[in-house]
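All values below come from the heavy atoms of this structure, side chains included, with hydrogens, waters and symmetry mates left out.
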Amino acid sequence: MLLIVAFFVFKGLMLAHLGVADYENQIVLLQQGTSVEQAGAWAMQVDPLTQWLAAQIGPYLN
């Protein structure tokens with residue numbers, strides 16, 4: 001359970017740090033890669049929980 005929470009927090013941090021446009025560009029690049037990279041792109045897709053976490057974390061990054 002802790003790994004799942006850490007994974008979503010990591011995604012939220014990345015989204016807050018990069019911004020939506022850059023984050024999505026990185027996902028597109030991964031989707032064009034190997035099958036492992038494509039699996040990573042699927043796992044790293046933006047979801048409602050990640051968006052919410054990024055919104056909570058974002059103000060603390062500036």
Novice: For the backbone of Val46 and the side chain of Tyr23, can you confirm whether one donor and one acceptor N or O come within less than 3.5 Å of each other?
Specialist: no
Novice: Between atom CG of Leu30 and atom CD of Gln38, what is the distance when rounded to the nearest 0.5 Å?
Specialist: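 Rounded to the nearest 0.5 Å, the CG-CD separation comes to 9.5 Å.
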Novice: Please report the interatomic distance CZ(Phe8) to OG1(Thr50), rounded to the nearest 0.5 Å.
Specialist: 5.5 Å
Novice: Under the rule for side chain to side chain contact (heavy atoms under 4.5 Å, CB included), what residues qualify as partners of Leu3, not counting sequence neighbours?
Specialist: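 Checked Leu3 against side chain to side chain contact (heavy atoms under 4.5 Å, CB included); zero matches.
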Novice: In terms of hydrophobic clusters joined by side-chain contacts under 4.5 Å, are Phe10 and Ile27 together?
Specialist: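 Yes; tracing contacts between hydrophobic side chains, which count when under 4.5 Å, links both residues.
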Novice: How long is the gap from CG on Leu15 to CG on Asp22, to the nearest 0.5 Å?
Specialist: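 Taking CG in Leu15 and CG in Asp22, the distance rounds to 10.5 Å.
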Novice: Answer yes or no: is there a side-chain heavy-atom contact under 4.5 Å between Lys11 and Asp47?
Specialist: yes
Novice: Let me confirm one number: the CE-CD distance from Met44 to Gln26, rounded to the nearest 0.5 Å.
Specialist: 10.0 Å
Novice: Is the side chain of Glu24 donor-acceptor paired with the backbone N or O of Ala21 at a distance under 3.5 Å, no angle test?
Specialist: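 Here the side-chain-to-backbone pair does not exist.
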Novice: Shared ILVMFWY cluster between Leu53 and Ile4, side chains joined below 4.5 angstrom?
Specialist: yes
Novice: In Å and rounded to the nearest 0.5 Å, what is the CG to CG distance from Leu61 to Leu13?
Specialist: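 Result: 6.5 Å between the selected atoms.
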